[in-house]
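Working notes, beginning with the structure itself.
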2 protein chains.
Amino acid sequence: MSQTVDRALSILPLLAQGPADLGQVADRLGVHKSTALRLLRTLHEHGLVYRQEDQRYRLGARLFALAQEAVENLDIREIAHPHLAALNERIGHTVHLAVYEEGEVLYIDKVESRYPVRMYSRIGKPVAITVAAVAKLLLADLPEPERRAVAAKLDYPPYTPRSTPNAAAFLKELATVREQGWATDLGGHEESINCVGAPIRGADGRVVAAMSVSAPNVVVTAEELLTLLPQVRRTADVISREYSGTAPNKDTA
Amino acid sequence: MSQTVDRALSILPLLAQGPADLGQVADRLGVHKSTALRLLRTLHEHGLVYRQEDQRYRLGARLFALAQEAVENLDIREIAHPHLAALNERIGHTVHLAVYEEGEVLYIDKVESRYPVRMYSRIGKPVAITVAAVAKLLLADLPEPERRAVAAKLDYPPYTPRSTPNAAAFLKELATVREQGWATDLGGHEESINCVGAPIRGADGRVVAAMSVSAPNVVVTAEELLTLLPQVRRTADVISREYSGTAPNKDTA
DNA sequence: AATGACTGTTGCACCCTACGCAACGCTTCG
DNA sequence: CGAAGCGTTGCGTAGGGTGCAACAGTCATT
């Protein structure tokens with residue numbers, strides 16, 4: 001590993017604690033001022049470090065730009081798919097992946113008995129947003145005002161006797177989901193089909209997607225399906241970690 | 001400036017565009033694979049780079065954490081956000097907040113339009129500096145020499161027939177903006193999109209940030225958008241007062 | 001004003017260290 | 001089974017990063 005780069009990168013967390021001047025940086029790094037100056041200059045040219053008017057250094061807004069761009073180019077589908085396929089391999093049932101976008105919930109991937117079918121848009125079937133497990137997970141994480149607004153605008157079609165009847169019941173259900181960190185759909189859409197789902201979170205803890213496992217009553221009962229919940233949650237957590245880029249970072253003192 | 005660090009940091013924007021393997025990184029840097037490997041390893045140890053299961057490299061969680069801290073240091077964002085949201089609530093259109101840093105103008109916050117037709121702007125990405133209303137506001141306040149220097153170095157891409165054509169026209173526009181205390185972008189970036197913006201000032205009167213309201217022609221005409229100017233300016237003034245009033249100044253505590 | 005102490009900055013000679021090369025292990029094809 | 005692609009390792013070399021010392025500002029003190 002590279003000493004120079006190592007020193008330069010050590011400056012970043014240091015500045016994250018607050019602005020510092022050249023002498024402070026040199027001291028904390030244990031190097032000569034001139035060395036620290038050259039490192040800071042290089043960081044500066046790349047916009048990672050900004051020099052404020054009192055000549056002290058602080059983290060640059062460019063860092064924010066980089067992170068933002070990286071998030072936009074992250075493809076959850078690509079990262080999640082192998083894990084969804086592996087889960088499907090183990091338990092055999094249909095696995096779904098969904099995202100929330102502008103008041104709608106969209107399935108963006110599906111693994112069904114070993115045959116992956118990619119659905120790039122909502123073309124096909126609209127998601128039953130008031131009852132689907134993935135929809136509950138995604139809506140439960142919205143900010144309070146938007147959640148209420150969406151819930152108020154929805155229709156609540158009575159697919160089955162167990163379907164969510166109205167906005168009040170839906171919001172209550174969302175509160176439960178948010179509390180427990182997982183969601184179900186027990187015969188709310190199709191009388192004979194049950195689902196259990198878990199959220200996938202980004203680096204900031206926000207829910208970026210949701211996954212679920214679905215199976216008909218005739219194959220497994222609702223209770224049996226619920227025994228799979230730990231596996232589903234574990235898979236979702238693994239995907240979350242990979243999506244957010246949580247590295248096994250060993251701090252060198 | 002340090003060559004090694006320079007190369008290492010050049011990897012970051014490269015990976016921001018999407019995952020890449022060792023060979024690709026080495027090629028883009030113009031260095032040997034072994035060199036790229038050592039740089040990536042160092043970045044990895046600091047958590048800035050994450051290695052996914054297919055061994056390709058991505059930006060890592062630590063970078064997101066640093067970026068978070070970087071924007072938190074920009075307390076203007078915290079202060080402004082509720083006001084931007086409130087303005088958005090009233091008028092419905094997209095609201096942006098931007099700062100100037102090292103020759104670049106960066107969006108640091110955005111509140112989405114509630115209308116179905118949206119413009120695609122990316123917070124965190126550099127702004128179209130020669131035409132955007134917020135860019136004009138921020139550059140107009142620079143000291144004369146720096147303003148001329150920046151204007152001279154810029155490219156003036158002809159996004160549309162109304163785009164700023166060259167440095168002379170830009171400097172003239174900046175003078176006008178400085179005079180009147182607000183700015184517009186009428187189809188200078190996207191033919192069908194108009195913006196109107198106002199500056200946010202610190203305690204010393206210097207412009208520390210700029211905000212704007214954007215809307216496509218199909219929703220409101222340019223004239224209608226301009227009628228919102230008083231509201232925009234009022235919001236900017238409120239933020240300015242709050243910022244300069246409660247500013248914890250840069251004194252060493 | 002002049003002095004001193006404190007910053008950030010520059011030029012330079014030394015020698016550390018980052019470089020590219022070539023060879024290796026590994027998996028994936030044909 | 002060989003070939004071709006990947007990532008990885010060890011090593012000699014020289015390029016470049018390092019610390020020193022001297023310089024140039026700014027501010028407080030005398």
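Throughout, a chain's letter reflects where its sequence line sits, starting with A, and its residues are numbered from 1. Computed from a prediction, not measured in an experiment: that's the story for all the values here.
Ion pairing between a basic and an acidic side chain is recognised when a charged N comes within 4.0 Å of a carboxylate O; B:Lys136 and B:Glu173 show such pairing.
A:Arg28 contributes no side-chain N or O that, together with a main-chain N or O of A:Ser10, makes up a donor-acceptor pair within less than 3.5 Å. Without hydrogens or angle criteria, A:Thr42 side chain to B:Ser2 main chain gives a donor-acceptor distance under 3.5 Å.
Contacts of A:Asn194 classified as side-chain hydrogen bond (donor to acceptor under 3.5 Å, both in side chains), with partners at least two apart in sequence or in another chain: A:Asn217.
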Under 3.5 Å, which donor-acceptor pairs do the side chains of residues 233-240 of chain B form with other protein atoms, sequence neighbours left out?
{"residue": "B:Thr235", "atom": "OG1", "partner": "B:Gln231", "partner atom": "O", "Å": "2.9"}
{"residue": "B:Ser240", "atom": "OG", "partner": "B:Arg201", "partner atom": "N", "Å": "2.9"}
{"residue": "B:Ser240", "atom": "OG", "partner": "B:Ala236", "partner atom": "O", "Å": "2.9"}

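For the side-chain hydrogen bond (donor to acceptor under 3.5 Å, both in side chains) criterion with B:Tyr57, the lone passing option out of B:Gln24, B:Arg51, B:His44 is B:Arg51.
Note on B:Arg56: nothing from the nucleic acid sits closer than 4.0 angstrom, heavy atoms only.
Each side-chain hydrogen bond (donor to acceptor under 3.5 Å, both in side chains) pair with one or both residues in residues 12-22 of chain B, not counting sequence neighbours, would appear here, but there are none. Applying the salt bridge (Lys or Arg N to Asp or Glu O under 4.0 Å) rule to pairs touching residues 144-156 of chain B yields B:Glu144-B:Arg147, B:Glu144-B:Arg148, sequence neighbours excluded.
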For nucleotides 19-24 of chain C, give me every protein contact, N/O to N/O, under 3.5 Å, one pair per line with atom names.
{"residue": "C:dC19", "atom": "OP1", "partner": "B:Arg7", "partner atom": "NH1", "Å": "3.2"}
{"residue": "C:dC19", "atom": "OP2", "partner": "B:Arg38", "partner atom": "NH1", "Å": "3.0"}
{"residue": "C:dG20", "atom": "OP2", "partner": "B:His32", "partner atom": "N", "Å": "3.3"}
{"residue": "C:dG20", "atom": "OP2", "partner": "B:Thr35", "partner atom": "OG1", "Å": "2.2"}
{"residue": "C:dG20", "atom": "N7", "partner": "B:Ser34", "partner atom": "OG", "Å": "3.1"}
{"residue": "C:dC21", "atom": "N4", "partner": "B:Ser34", "partner atom": "OG", "Å": "3.2"}

With the criterion being N/O to N/O and under 3.5 Å, what pairs connect the protein with nucleotides 24-26 of chain D, and how long is each?
none

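The separation between A:Leu37 atom CG and D:dT18 atom P is 12 Å, rounded to whole Å. Computed from coordinates, the B:Asp21 CG to D:dG5 C1' distance equals 11 Å when rounded to whole Å. Rounded to an integer number of Å, the gap from CG of A:Leu22 to P of C:dC6 is 16 Å.
An OP1 or OP2 oxygen of D:dG17 is reached within less than 4.0 angstrom by no side-chain nitrogen or oxygen of A:Arg41.
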